Amino acid sequence: KFIVISIVLLMLAGFAITSSAMDVTLWAGQNIEVGYLTVEVDVVEDNLVVTYYITNPEWELGDTHLYVGTIAPTKSAPGRFPYGPEDVVEEGKYIIDLEDYIGILYIAAQAEIGMIDEYGEPVLDDPDPEIGEQIEETVWADGTQIRSGKNWAMYFEFEVE
């Protein structure tokens, strides 16, 4: 009985094991801290899990785009990143197979956010909700500029142990 219980407990503990993990600040409009991005390795499933969290109550998460690669990104157009809104498994969460990745990964994480009021409704540029548009900002995870002098798109490094 002791051996069976020990094996079960080790198996249950294994489902939560990660070998690498980090949080990165999410910036809107270059200087508004709106949340954070978590990056972690699920060693049981051999996946990279990247999740966007918007913690500022004035904003809600929109579409996201994600670059993960073994070389630093050279293009700052998030629409051309390998992962986009269609790859999200649940709100703001990507699960990426690590089979082809080892060592240092370069990650660029971009999102669109929309301003909301205290009732969770979109804040509009125009007071008429039928013709107004939601106030939006672009978000990037904190890091190094992809194309210095061109725009403020950023990437950071993450080590898969």
Side-chain angles (χ1 to χ4, degrees), residues 2-114 116 136-161:
F2 176 75
I3 293 173
V4 171
I5 291 172
S6 297
I7 291 171
V8 169
L9 289 174
L10 286 172
M11 288 174 58
L12 289 173
F15 287 110
I17 293 174
T18 59
S19 65
S20 305
M22 71 184 296
D23 291 340
V24 180
T25 301
L26 290 174
W27 296 102
Q30 298 186 42
N31 58 9
I32 305 167
E33 186 175 338
V34 293
Y36 61 97
L37 183 85
T38 62
V39 182
E40 57 189 341
V41 174
D42 176 345
V43 295
V44 173
E45 298 293 328
D46 198 28
N47 290 324
L48 183 71
V49 181
V50 179
T51 310
Y52 295 73
Y53 293 98
I54 302 301
T55 56
N56 185 319
E58 296 177 356
W59 299 95
E60 66 181 353
L61 186 63
D63 285 346
T64 58
H65 296 90
L66 183 67
Y67 172 92
V68 176
T70 56
I71 59 171
T74 57
K75 304 230 185 271
S76 57
R80 294 185 177 214
F81 287 175
Y83 305 99
E86 65 280 354
D87 300 305
V88 173
V89 295
E90 56 187 67
E91 185 177 359
K93 185 176 190 176
Y94 292 86
I95 298 177
I96 299 164
D97 186 354
L98 278 174
E99 184 175 319
D100 298 329
Y101 299 116
I102 191 164
I104 301 291
L105 296 181
Y106 298 89
I107 300 173
Q110 183 270 348
E112 295 297 323
I113 58 171
I116 56 175
E136 295 181 336
E137 283 286 350
T138 298
V139 172
W140 286 95
D142 194 33
T144 303
Q145 277 189 292
I146 295 173
R147 299 179 69 199
S148 184
K150 292 286 185 182
N151 57 39
W152 66 286
M154 297 182 275
Y155 72 92
F156 60 94
E157 295 180 15
F158 178 77
E159 185 172 4
V160 177
E161 297 175 3

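Predicted, not measured: the structure shown is a model, and the values here were computed from it.
Contacts of Thr51 classified as side chain to side chain donor-acceptor pair (under 3.5 Å), with partners at least two apart in sequence or in another chain: none. The side chain to side chain donor-acceptor pair (under 3.5 Å) search around Asn47 returns none, not counting sequence neighbours. Scanning for side-chain contact (heavy atoms from CB on, under 4.5 Å) contacts around Ile54 gives Leu26, Val34, Trp59, Leu61, Ile113, with sequence neighbours left out. For the side-chain contact (heavy atoms from CB on, under 4.5 Å) test, residues two or more places apart in sequence or in another chain that qualify with Val88 are Thr64, Tyr94. Every residue two or more places apart in sequence or in another chain that forms a side-chain contact (heavy atoms from CB on, under 4.5 Å) with Arg80 is listed here: Ala77. Residues meeting the side-chain contact (heavy atoms from CB on, under 4.5 Å) test with Ile102, sequence neighbours left out: none. By the side chain to side chain donor-acceptor pair (under 3.5 Å) test, Glu60 is found to be paired with Gln134, residues two or more places apart in sequence or in another chain being considered.
Rounded to the nearest 0.5 Å, atoms CD (Glu33) and OG1 (Thr25) are 5.0 Å apart. Atom CG of Asp63 and atom CD of Gln110 lie 8.5 Å apart (nearest 0.5 Å).
Here the shortest heavy-atom pairing between Pro82 and Asp87 reads O-OD2, 3.8 Å. Residue Thr55 comes nearest to Gly35 through the heavy atom pair OG1-CA, 3.4 Å, listed as atom of the first residue, atom of the second, then distance. For Asn56 against Ile32, the heavy-atom pair with the smallest separation is ND2-CG2, 4.5 Å. Nearest approach of Glu112 to Glu137, heavy atoms of both residues: OE1-O, 3.4 Å. Across all non-hydrogen atoms, the minimal contact from Phe158 to Ile107 is CB-CD1, 3.8 Å. Contact between Phe81 and Lys75 at its shortest, heavy atoms only, is CE2-O, 3.6 Å.
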Give every donor-acceptor pair under 3.5 Å between a side-chain atom in residues 146-156 and any protein atom, sequence neighbours left out.
| residue | atom | partner | partner atom | Å |
| --- | --- | --- | --- | --- |
| Asn151 | OD1 | Ala153 | N | 3.1 |
| Asn151 | ND2 | Ser76 | OG | 2.9 |

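Residues Ile95 and Leu48 have side chains not in contact (no heavy-atom distance under 4.5 Å, counting atoms from C-beta outward). No side-chain heavy atom of Val50 sits less than 4.5 Å from a side-chain heavy atom of Tyr83.
Heavy-atom contacts from other residues, nucleotides or ligands closer than 6.0 Å to CD of Glu91 number 12 or fewer.
Under the ring-ring contact (aromatic ring centres under 6.0 Å, His included) criterion, the residue pairs touching residues 24-56 are Tyr36-Tyr53, with sequence neighbours excluded.
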